[in-house]
Q: 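Pasting a structure here, questions to come.
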Amino acid sequence: MTNPATTTQQSGAIPVQPGPREVTGVTDSAMPGGKPGPGQAAEALLPGVGPDGESAARQARNAVIPGLGSSVEFAPGQVPGAVIPGAGPSGKPGSRPTVKLREANPEDPPRYAPEWLELREPADAAARAHDLLDPLRIRLANLPGKSGVVIHDLGCGTGSMGRWLAPRLDGTQHWILHDRDPYLLHFAAVSSPRSAADGSRVSVETRRGDVARLTPDALQGASLVTASALLDVLTREEVDTLAAACAGAGCPALLTLSVAGRVELTPSHPLDAELAQAFNDHQRRDGLLGPDAVTAAAEAFSEHGATVRLHPSAWRLGPEQAALTEQWLRGWVGAAVEERPELRAEADVYLTNRLAACAAGELHVTVHHVDLLALSRPAGGAS
């Protein structure tokens with residue numbers, strides 16, 4: 001049943017407005033519930049990174065995990081060269097696949113492979129719902145007593161959300177990037193845009209910590225909270241914590257690319273539906289919301305008084321996205337088999353045939369996602 005506070009806005013597409021990828025105003029600070037950052041500017045940690053726009057993920061590959069070879073350790077059950085960590089099953093229920101540097105501090109959280117984040121970034125950018133930007137712009141433009149906006153990007157990874165959104169908003173922006181992984185935080189800071197849509201300055205700082213522990217105090221002064229591909233790896237309690245924090249701070253939230261639990265492959269195959277169901281069950285392990293995340297988030301934000309808008313944001317993968325399709329296929333089938341081992345024999349044949357069709361340019365895949373814009377009541381009761 002649709003929540004009465006949930007609406008979908010229709011409007012025209014917003015033209016792409018690319019901006020430079022230089023970092024300005026980088027700092028590194030601690031987030032409540034997290035460990036202090038190393039206190040160094042991102043430029044100091046990644047020597048040789050210049051203003052040429054090299055992507056953060058490519059920097060990560062070159063500077064940290066060259067070739068995904070002997071310098072990395074794959075998660076249990078992963079075969080090097082088969083699935084980029086982040087694209088497939090992790091071997092541990094309820095967690096995403098990760099890669100960890102052998103020389104890393106064992107207390108550090110495992111990190112998502114920047115290769116996977118880089119591979120999916122163009123598809124993410126093409127999928128995000130431009131139609132949600134107009135109501136967001138209106139809200140930001142009507143903020144009282146603001147000469148600029150402060151944007152918190154939760155689980156920022158290599159910073160793809162900032163690279164997509166900052167050049168589409170006018171006015172001075174200060175981005176606060178949150179992630180548990182200090183390496184990804186630095187890559188995100190280095191590759192952040194330096195200019196808004198109208199040429200205004202964009203600055204960045206980083207905060208290391210657990211986004212599930214956000215409080216209204218942590219968001220004090222926030223104009224906007226953003227996240228990408230985050231909701232589906234949270235529990236219902238964590239989503240309610242996020243909604244409560246945004247409501248308490250009186251700031252809107254733009255939460256993009258949450259899985260919807262539906263995929264379409266052309267040509268179709270009799271095993272498609274069974275694999276999809278097994279994958280969805282895998283996503284729900286250990287109480288994670290998986291494909292139920294958007295519904296749960298819409299309810300949570302509505303219960304906290306926000307107006308919620310939803311809009312589809314599907315990946316549409318064809319021959320031009322063959323590399324991403326291959327990795328997605330391997331991860332999708334792998335997670336399904338991890339959930340239902342009895343499917344392995346059929347799934348192996350299925351995957352071989354699907355990969356051959358992908359390589360031949362004969363496979364098209366639509367992976368459905370949903371973007372959510374929650375407009376919380378401004379702090380202080382202003383309209």
Q: According to a 4.5 Å side-chain heavy-atom criterion applied to Ile, Leu, Val, Met, Phe, Trp and Tyr, with indirect links allowed, do Leu132 and Leu257 form part of one hydrophobic cluster?
A: no
Q: Assess the side chains of Ser192 and Arg163: does a donor N or O sit below 3.5 Å from an acceptor N or O?
A: no
Q: Using a 3.5 Å distance criterion without hydrogens, assess whether the side chain of Glu238 forms a donor-acceptor pair with backbone atoms of Thr235.
A: yes
Q: Is it the case that the side chain of Arg208 and the backbone of Arg180 share a donor-acceptor pair, with hydrogens and angles ignored and the cut-off at 3.5 Å?
A: yes
Q: Checking one residue: Ile176. Which other hydrophobic residues are in its cluster under the side-chain 4.5 Å linking rule?
A: Val150
Q: Could you tell me if Trp175 and Gln173 have a donor-acceptor pair between their side chains, going purely by distance under 3.5 Å?
A: yes
Q: Quick one: are the ring centres of Trp164 and His130 less than 6.0 Å apart?
A: yes
Q: Would you check if there is a donor-acceptor pair between the side chains of His311 and Asp131 at a distance under 3.5 Å?
A: yes
Q: Would you call Glu339-Arg284 a salt bridge at under 4.0 Å N-O?
A: no
Q: Verify whether one side chain among Ser160 and Asp124 offers a donor that lies under 3.5 Å from an acceptor in the other.
A: no
Q: Between side-chain atoms of residues 351-364 and protein atoms elsewhere (two or more places apart, or another chain), which donor-acceptor pairs fall under 3.5 Å?
A:
from: Thr352; atom 1: OG1; to: Asp348; atom 2: O; distance (Å): 3.0
from: Asn353; atom 1: ND2; to: Val349; atom 2: O; distance (Å): 3.4
from: Arg354; atom 1: NE; to: Tyr350; atom 2: OH; distance (Å): 3.3
from: Arg354; atom 1: NH1; to: Pro267; atom 2: O; distance (Å): 2.7
from: Arg354; atom 1: NH2; to: Pro267; atom 2: O; distance (Å): 3.0
from: Arg354; atom 1: NH2; to: Asp272; atom 2: OD1; distance (Å): 3.0
from: Arg354; atom 1: NH2; to: Asp272; atom 2: OD2; distance (Å): 3.1

Q: Do any N or O atoms from the side chain of Asp371 and from the backbone of Ala129 form a donor-acceptor pair under 3.5 angstrom?
A: yes
Q: Between Arg128 and Thr256, do the side chains contain a donor N or O and an acceptor N or O under 3.5 Å apart?
A: yes
Q: Just checking, is any N or O donor in the side chain of His174 or Ser203 under 3.5 Å from an acceptor N or O on the other one?
A: yes
